[in-house]
**Student:** 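Dropping the structure in here first, questions after.
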Amino acid sequence: MFSVEFRYRARKIYKSVKQIVELVSNVLLFLASFLAIILVIYRFGFDMPADYSHEIYYTYRAIVRLFVVLGLLRFLFNFRLLRAEKGFWIEVLVLLFLFALTLFSKHFDRLDFEATNPFLFKVERILMYGVVLLLSIIQLSKQIFVVLRSRVKAEVLFAASFLFIILFGAVLLGLPNATYEGISFTDALFTSTSAVCVTGLTVVDTGTTFTLTGQVVLLMLIQVGGIGVMTFTSFFAMSFLSGTSFHDQFMMKNLLNEASLSDIFRTVVYIILTTFIIEGIGVYLVYMQVQDVAGIDNKLFFALFHGVSAFCNAGFSTLPGNLYDPLIRHLYGLQVILAFLIIFGGIGFPILFNYGRLLHYGIRNKIKCLLGMNYKVIHEPRIVSTTTRIVLPTTLILLVVGTALFWIFENHNVLDGMSFTGKFATSFMGAVTPRTAGFNNVDMSVLHVPTIFLTIVLMWIGAAPMSTGGGIKVTTFVIALKNIWANLVGNDRVVIAHRQLTRENVNRAHSIIILSILWIILAVFVIVILEPKATLTQAVFEIVSALGTVGLTLDLTPHLCVASKMIVALTMFVGRVGLITLLACFIRHQEVKLYTYPDETVIV
């Protein structure tokens with residue numbers, strides 16, 4: 001009897017202690033993670049004496065020890081974490097690595113170590129800052145992901161995540177070490193919005209205004225904005241957080257447009273891996289193209305910046321003239337490489353995964369047939385989705401038609417005097433970059449009016465859904481055209497690739513088009529009032545470029561007043577988040593009604 005009662009009380013005490021340890025650990029880990037990020041911002045964002053740098057470094061060591069102790073405590077009180085949390089074993093390995101690094105830290109503390117081993121000294125510092133930042137991001141991602149467990153609408157969460165990173169990016173770009181001569185908060189906010197919304201419109205010159213630190217911040221904002229803030233957050237959280245609820249998964253399903261709840265985590269991982277693989281290949285190819293360019297100092301960073309900027313459809317460049325800069329103006333191979341990076345980024349992750357699945361299916365069955373395995377080959381009908389059947393042909397048509405028309409319109413203008421290769425590369429880039437990339441390889445101010453109109457149309461249509469690009473999306477454009485054709489022939493349904501689209505799908509496409517046109521009209525009206533010297537063509541081009549998150553301009557962006565900058569910045573935010581998504585944050589969804597009203601016909 002005594003034994004049973006004792007064990008009961010012991011379990012109760014153990015549970016209480018475990019809850020206290022978990023609560024204290026979570027609080028301390030959150031505070032330590034937040035402090036680590038603040039310290040690294042302070043360390044690289046401000047000029048400081050060498051003594052301060054050493055103090056920050058030793059503070060980082062203390063944070064490392066705290067991470068190690070709290071990690072071990074969590075593991076001792078809950079062995080099941082290794083199974084419950086998908087990536088807890090990775091976290092344990094990182095903590096053990098940090099622990100080993102601290103054990104050998106006394107060797108790095110010698111006064112002569114930096115002078116005798118400068119490379120190892122830098123590597124140790126980079127590892128310390130990098131690994132602690134990684135752990136801090138993991139811990140903060142867990143806390144942010146907990147918000148999903150509240151009844152927050154997916155649209156609100158999506159819009160708020162972009163708004164938060166834009167404001168945070170503006171603060172980082174405003175740090176003293178981020179610029180050479182300082183920057184106003186308005187310009188920092190505009191640049192941060194343009195980077196996070198992967199637009200590329202700039203009110204300051206990127207190369208001469210921002211230092212290497214500022215350009216690295218800009219690069220990170222482009223990367224996070226291109227893939228999506230919630231994609232990064234959910235990747236870390238779902239990798240290292242246990243017990244995600246059905247509501248959590250359903251929220252991520254809506255954010256990622258995933259058809260199955262079971263495929264959410266795999267989709268997030270595939271997005272991250274696909275992005276880094278394509279960007280890595282692109283960076284290498286860009287680096288090979290600029291090796292012989294004498295005017296580019298840091299060629300590796302140039303390749304990294306432009307590779308990421310191209311895949312994310314951002315359009316930022318570290319050169320004053322963008323791709324029209326004299327240093328790279330005639331590197332047509334570079335333009336083609338960047339063009340294909342833009343296409344891969346704008347084609348959409350679902351399409352890439354769809355064809356990856358088709359390729360896997362074909363190779364698997366082919367190998368099994370060649371090996372003569374005696375079993376039936378599995379048939380998976382209709383692997384290629386309807387979205388893919390819309391996006392690829394439409395993208396190909398827009399690229400071919402856009403290239404041909406650009407060549408025809410500008411053959412005796414900006415293309416005059418170029419070789420056949422130069423004309424093709426320039427025209428091809430002229431058709432690719434308006435589809436939300438924003439790189440300019442010609443002088444935009446001297447383009448003919450038909451070319452400007454063609455560019456506006458391409459910017460408005462944009463890229464594919466669930467991609468790094470913007471615009472109304474090619475699927476929206478095709479659905480609207482199909483619906484018009486269905487009305488003309490008297491068909492009451494929209495059919496694409498032998499599949500009937502839902503009425504909700506068709507209505508959403510028309511809503512997106514109408515809302516985009518209304519926003520363009522309103523924003524252009526305001527810009528024309530605020531900028532009396534701007535022509536109507538410049539105003540329309542600027543707003544469509546911002547709404548489509550493109551980044552091209554007819555030399556209007558650098559001359560905007562503060563109010564106009566805010567209008568354009570808001571337009572970029574609306575274009576990246578989506579007007580329907582933004583309006584859904586403030587409008588309550590109605591419940592499905594189980595009754596209908598009598599039909600009536602209105603004269604139209």
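Start at 1 with the first residue, then count along the sequence.
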**Student:** For the pair E279 (side chain) and A310 (backbone), establish whether a donor and an acceptor sit closer than 3.5 Å, ignoring hydrogens and angles.
**Tutor:**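 Flag not set: sc E279 to bb A310 has no pair under 3.5 Å.
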**Student:** Any side-chain heavy-atom pair from L218 and F305 closer than 4.5 angstrom?
**Tutor:**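 Yes; the side chains approach each other to less than 4.5 Å.
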**Student:** Quick check: closest heavy atoms across L530 and S564, and the distance to 0.1 Å?
**Tutor:**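 Residues L530 and S564, closest heavy atoms: CB-OG, 3.4 Å.
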**Student:** Counting heavy atoms not belonging to F301, are there more than 12 under 6.0 Å from its CZ?
**Tutor:**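 Above 12, so yes.
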**Student:** If only atom types and distance count, is the side chain of S194 paired as donor or acceptor with the main-chain N or O of F190 below 3.5 Å?
**Tutor:**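 Here the side-chain-to-backbone pair does not exist.
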**Student:** Parallel, tilted or perpendicular for F30 and F34, by the 30°/60° rule?
**Tutor:**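 Rings of F30 and F34: parallel, as their planes differ by under 30°.
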**Student:** Between atom CD1 of I543 and atom CG of L547, what is the distance when rounded to the nearest 0.5 Å?
**Tutor:**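 Nearest 0.5 Å value for the CD1-CG distance: 8.0 Å.
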**Student:** Run T553 and S545 through side chain to side chain contact (heavy atoms under 4.5 Å, CB included) and show every step you take.
**Tutor:** CA-CA 7 Å; T553 179; S545 177; 5.9 Å; no
**Student:** Do E542 and I527 have side chains that approach each other closer than 4.5 Å (heavy atoms only, starting at C-beta)?
**Tutor:**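 No, side chains not in contact.
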**Student:** Just verifying a value: how many Å separate L175 CG and I183 CD1, rounded to the nearest 0.5 Å?
**Tutor:**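 It comes to 11.0 Å.
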**Student:** Between T179 and V204, is there a side-chain heavy-atom distance shorter than 4.5 Å?
**Tutor:**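 No, too far: nothing below the 4.5 Å cut-off.
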**Student:** Is the shortest side-chain heavy-atom distance between M288 and L285 below 4.5 Å?
**Tutor:**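 Of all side-chain heavy-atom pairs linking L285 with M288, none is under 4.5 Å.
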**Student:** Does F210, at its CZ atom, have more than 12 non-hydrogen atoms belonging to other residues, nucleotides or ligands within less than 6.0 Å?
**Tutor:**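 It does: F210 CZ has more than 12 such atoms within range.
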**Student:** So, Q538 versus E531: side-chain donor-acceptor pair below 3.5 Å or not?
**Tutor:**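 No donor-acceptor contact under 3.5 Å links the two side chains.
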**Student:** Please report the interatomic distance CG(L304) to OG1(T318), rounded to the nearest 0.5 Å.
**Tutor:**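 If we round to the nearest 0.5 Å, L304:CG and T318:OG1 are 10.5 Å apart.
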**Student:** Do I520 and V544 pass the side chain to side chain contact (heavy atoms under 4.5 Å, CB included) test, and can you show the C-alpha distance, the side-chain angles, and the key distance before you say yes or no?
**Tutor:** CA-CA 7 Å; I520 290 170; V544 174; 3.9 Å; yes
**Student:** Give me the atom names and distance for the closest heavy-atom approach of R435 to G462.
**Tutor:**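 That would be NH2-O, 3.1 Å.
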**Student:** So, does S192 use its side chain to make a donor-acceptor pair with the main chain of A188 at under 3.5 Å?
**Tutor:**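 Looks like no, no N/O pair under 3.5 Å.
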**Student:** I need the minimum non-hydrogen distance between V432 and A339, along with the two atoms involved.
**Tutor:**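 So the two residues come closest at CG1-O, 3.6 Å.
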**Student:** Using the rule given for side chain to side chain contact (heavy atoms under 4.5 Å, CB included), can you reason through F311 versus F276, listing the C-alpha separation, both sets of side-chain angles and the distance that settles it, and then say yes or no?
**Tutor:** CA-CA 10 Å; F311 180 77; F276 289 155; over 6 Å; no
**Student:** Evaluate side chain to side chain contact (heavy atoms under 4.5 Å, CB included) for V286 paired with L338, printing each intermediate quantity in order.
**Tutor:** CA-CA 8 Å; V286 171; L338 294 179; 3.9 Å; yes
**Student:** Are side-chain heavy atoms of I512 and L579 found at a separation under 4.5 Å?
**Tutor:**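 Side-chain contact under 4.5 Å: no.
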**Student:** Counting only N and O atoms by type, is there a donor-acceptor contact under 3.5 Å from the side chain of T199 to the main-chain atoms of C197?
**Tutor:**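 Yes, the answer is positive, given that a donor and an acceptor are paired below the 3.5 Å cut-off.
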**Student:** Measuring from M459:CE to T455:OG1, what's the distance to the nearest 0.5 Å?
**Tutor:**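 Nearest 0.5 Å value for the CE-OG1 distance: 6.5 Å.
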**Student:** If every non-hydrogen atom of K299 is compared with every non-hydrogen atom of Q291, which pair is closest and at what distance?
**Tutor:**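 It is CE-O, 3.1 Å.
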**Student:** Measure from the side-chain N and O atoms of T211 to the backbone N and O of A178, and report whether any donor-acceptor pair falls under 3.5 Å.
**Tutor:**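 Side chain of T211 to backbone of A178: a pair is present.
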**Student:** Would you call T557 and T202 a side-chain contact if the rule is heavy atoms closer than 4.5 Å?
**Tutor:**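 Side chain of T557 against side chain of T202, heavy atoms only: no contact under 4.5 Å found.
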**Student:** Can you measure from CG (L39) to CD1 (I63) and round to the nearest 0.5 angstrom?
**Tutor:**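 Spacing of CG (L39) from CD1 (I63) equals 5.5 Å.
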**Student:** Within a strict 4.5 Å, meaning less than it, do heavy atoms of the F541 and L556 side chains meet?
**Tutor:**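 Of all side-chain heavy-atom pairs linking L556 with F541, none is under 4.5 Å.
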**Student:** Take the angle between the ring planes of H330 and Y332 and call it parallel below 30°, perpendicular above 60°, tilted in between.
**Tutor:**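 Answer is perpendicular, since the angle exceeds 60°.
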**Student:** Which atom names give the shortest non-hydrogen contact between Q289 and L331, and what distance separates them?
**Tutor:**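 Heavy-atom minimum between the residues: O-CD1, 4.1 Å.
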**Student:** Check whether the side chains of T206 and Q215 place a donor and an acceptor atom closer than 3.5 Å, and report yes or no.
**Tutor:**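 Not at all, the side chains of T206 and Q215 share no donor-acceptor pair under 3.5 Å.
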**Student:** Between R576 (side chain only) and G226 (backbone N and O only), is there a donor and an acceptor less than 3.5 Å apart?
**Tutor:**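 Yes, the answer is positive, given that a donor and an acceptor are paired below the 3.5 Å cut-off.
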**Student:** Restricting to non-hydrogen atoms, name the atom on G214 and the atom on L173 that form the minimum distance, rounded to 0.1 Å.
**Tutor:**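 Minimum heavy-atom contact is O-CD2, 3.8 Å.
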**Student:** Could you tell me the separation between the CG atom of N322 and the OG1 atom of T433, rounded to the nearest 0.5 Å?
**Tutor:**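 Taking CG in N322 and OG1 in T433, the distance rounds to 8.0 Å.
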**Student:** Just jot down the ring pair (Phe, Tyr, Trp, His ring centres under 6.0 Å) partners of F302, sequence neighbours excluded, or say none.
**Tutor:**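 With neighbours one apart ignored, the set is H306.
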**Student:** Does the side chain of V171 come within less than 4.5 Å of L167's, by heavy atoms?
**Tutor:**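 When only atoms from C-beta onward are counted, V171 and L167 do not touch, as no gap falls below 4.5 Å.
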